[in-house]
Amino acid sequence: MLSRLRSDIQCILDRDPAARSTWEVITCYPGLHAIWWHIPAHWCWTHNLKWLGRFTSHIGRWLTGIEIHPGATIGERVFIDHGMGVVIGETAVVGDGCTIYHGVTLGGTSLYKGTKRHPTLGKNVVVSAGAKVLGGFEVGDGAKIGSNAVVIKPVPAGATAVGIPARIIPSKKGESADVTELRDQTVPSAAGTVPSLEAANAAAVAAAAGQPQPCADQAKGFTAYGVTEDDPISQAMKGLAEGAATHEQQLQLLWQAVEKLSAQLKADCVPCESERGGHFEKDKIDQILGK
């Protein structure tokens with residue numbers, strides 16, 4: 001039990017740069033308090049003390065603003081950041097190392113008792129602020145749920161879900177789909193991957209200034225709020241814009257060749273009806289898409 005409590009404290013120190021000391025975490029983090037209230041509530045629930053479990057959970061909800069049903073299963077090193085408004089249903093399972101932000105709902109869509117109504121989160125899942133995960137499906141290990149997303153279907157391991165209803169950005173080559181990971185912090189070498197020169201210099205400067213070094217979760221690419229650079233629709237639109245710009249350039253080259261040939265033959269090879277009054281303006285599309 002003591003090792004569990006220590007790991008719960010340490011995971012907050014690892015993932016929240018605002019956490020300055022163990023004492024601050026113990027006294028000022030309602031997410032930690034909610035999990036500690038859940039431990040006796042869950043014990044009561046699993047030992048057929050249903051009312052006592054619900055009442056203990058109710059006290060924890062009143063003190064923290066976080067509602068965790070005593071029947072829910074919460075793994076180790078789970079960090080509920082800020083926490084206000086979080087709701088975790090009876091049959092929900094939260095895996096080890098998960099991070100849940102304020103306003104998150106792990107809810108159910110079925111009204112049948114005794115069935116799996118709430119989601120199962122794998123290990124190291126990030127559920128961002130305001131997200132709703134509804135249904136008895138599984139969210140794979142390392143997946144990320146974007147802020148305010150409404151997820152109603154399974155999310156593969158390493159994927160990112162964004163939007164309403166959530167669209168899935170699958171992982172590539174077994175890596176997380178979150179593009180904000182420390183992708184530029186390492187470079188390939190004969191011994192594997194090593195920090196890039198810029199990252200090494202930054203770390204040296206920070207160490208010389210006495211600043212704290214990145215924690216283990218950050219080194220593994222932990223990203224707060226599961227932020228992604230683009231949603232799938234935006235990525236598709238950018239791909240279409242790139243393709244249209246390429247076609248525009250090819251057409252211009254073709255017309256230049258036709259005009260050159262016309263000059264050589266001293267004949268007009270370009271029909272009048274083929275004249276174009278405008279051109280594709282990719283820059284305006286990029287401005288709209290925020291590229």
Check: Could you give the distance from OG1 (Thr160) to CZ (Arg167), rounded to the nearest 0.5 Å?
Finding: 12.5 Å
Checklist line | Same apolar cluster: Val87 and Met84, side chain cutoff 4.5 Å | finding: no
Check: Can you tell me if CG on Leu111 sees more than 12 non-hydrogen neighbours from other groups inside 6.0 Å?
Finding: no
Note to self: I want to check something: taking the side chain as every heavy atom from C-beta on, are Leu32 and Asp8 in contact at a cut-off of under 4.5 Å?
What the structure shows: yes
Checklist line | same_hphob_cluster(Phe55, Ile39) at 4.5 Å side-chain heavy-atom cutoff | finding: no
Note to self: Check this for me: Glu24, atom CD, are more than 12 non-hydrogen atoms of other residues, nucleotides or ligands nearer than 6.0 Å?
What the structure shows: yes
Next item on the list: Report, as yes or no, whether the 6.0 Å neighbourhood of atom CG on Leu52 holds more than 12 heavy atoms from other residues, nucleotides or ligands.
Entry: yes
Item checked: Derivation of the side-chain contact (heavy atoms from CB on, under 4.5 Å) call for Ile9 and Ile26 -> CA-CA 7 Å; Ile9 296 171; Ile26 293 174; 3.7 Å; yes
Margin query: The test is side-chain contact (heavy atoms from CB on, under 4.5 Å); show your working for Ile66 and Ile88 and say whether it passes.
Written below: CA-CA 8 Å; Ile66 300 169; Ile88 300 177; 5.7 Å; no
Notebook entry, point to check: In Å and rounded to the nearest 0.5 Å, what is the OG to CD1 distance from Ser128 to Ile100?
Noted result: 11.0 Å
Item checked: Salt-bridge criterion met for Arg4 and Glu76 (N-O under 4.0 Å) -> no
Notebook entry, point to check: Taking all atoms of both residues into account, what is the closest heavy-atom pair of Ala149 and Ala161, and its distance?
Noted result: CB-O, 4.0 Å
Next item on the list: Starting at CD1 of Ile68, measure out to CD1 of Ile80 and round the result to the nearest 0.5 Å.
Entry: 4.0 Å
Margin query: Could you report the tightest heavy-atom contact between Thr64 and Pro30, atom names first, then the distance?
Written below: CG2-O, 3.7 Å
Notebook entry, point to check: Are side-chain heavy atoms of Val94 and Leu106 found at a separation under 4.5 Å?
Noted result: yes
Check: With side chains defined as the heavy atoms from C-beta onward, is the minimum distance between Val155 and Val133 less than 4.5 Å?
Finding: no
Notebook entry, point to check: Do Phe137 and Lys153 come within less than 4.5 Å of each other through their side chains, counting heavy atoms only?
Noted result: no
Next item on the list: Can you see which heavy atom on Ala166 is nearest to which on Val151, and at what distance?
Entry: CB-CG2, 3.7 Å
Notebook entry, point to check: Hey, would you say the Trp37 and His33 ring centroids sit under 6.0 Å apart?
Noted result: no
Check: Once the angle between the rings of His69 and Trp45 is folded into 0 to 90°, is it parallel (under 30°), tilted (30 to 60°) or perpendicular (over 60°)?
Finding: perpendicular
Notebook entry, point to check: Is there a path of hydrophobic side-chain contacts, each under 4.5 Å between heavy atoms of I, L, V, M, F, W or Y residues, that connects Trp23 with Val25?
Noted result: no
Note to self: Does any part of the side chain of Ser7, heavy atoms only, come nearer than 4.5 Å to the side chain of Arg77, both counted from C-beta?
What the structure shows: yes
Notebook entry, point to check: Which atoms form the tightest heavy-atom contact between Gly146 and Val162, and what is the distance?
Noted result: CA-CG1, 4.2 Å
Next item on the list: Apply the test ring-ring contact (aromatic ring centres under 6.0 Å, His included) to residues His58 and Trp62: give CA-CA distance (whole Å), side-chain angles for both, the deciding distance (0.1 Å), then the verdict.
Entry: CA-CA 6 Å; His58 182 71; Trp62 179 66; 8.4 Å; no
Item checked: Pair Arg15-Thr99, side-chain donor/acceptor within less than 3.5 Å -> yes
Check: Checking Ser57 side chain against Gly53 main chain: does a donor-acceptor pair fall under 3.5 Å?
Finding: no
Notebook entry, point to check: Measuring from Leu5:CG to Ile35:CD1, what's the distance to the nearest 0.5 Å?
Noted result: 11.0 Å
Checklist line | Under 3.5 Å donor-acceptor, Lys50 side chain and Cys44 backbone | finding: no
Item checked: Transitive ILVMFWY side-chain link Val150 to Leu121, under 4.5 Å -> no
Item checked: Side-chain heavy-atom pair Lys116, Val93 within 4.5 angstrom cut-off -> yes
Notebook entry, point to check: Taking side chain as C-beta onward, heavy atoms only, is Ile168 less than 4.5 Å from Pro156?
Noted result: yes
Note to self: Closer than 3.5 angstrom, by distance alone: can the side chain of His42 be matched with the main-chain N or O of His38 as a donor-acceptor pair?
What the structure shows: no
Next item on the list: Report the relative orientation of the aromatic rings in Tyr29 and Phe79; use parallel for angles under 30°, tilted for 30 to 60°, perpendicular for over 60°.
Entry: tilted
Checklist line | Shared hydrophobic cluster, Trp43 / Trp36 (ILVMFWY, side-chain heavy atoms < 4.5 Å) | finding: no
Next item on the list: Give, for atom CZ of Arg6 and atom SG of Cys11, the distance between the pair rounded to the nearest 0.5 Å.
Entry: 14.5 Å
Next item on the list: Please confirm whether the backbone N or O of Leu134 pairs with a side-chain atom of His118, one donor and one acceptor, at under 3.5 Å?
Entry: no
Check: Between Pro40 and Thr56, what is the shortest heavy-atom contact and its length?
Finding: CG-CG2, 4.3 Å
Check: For the atom pair CG (Asp141) and NZ (Lys123), what is the distance rounded to the nearest 0.5 Å?
Finding: 7.0 Å
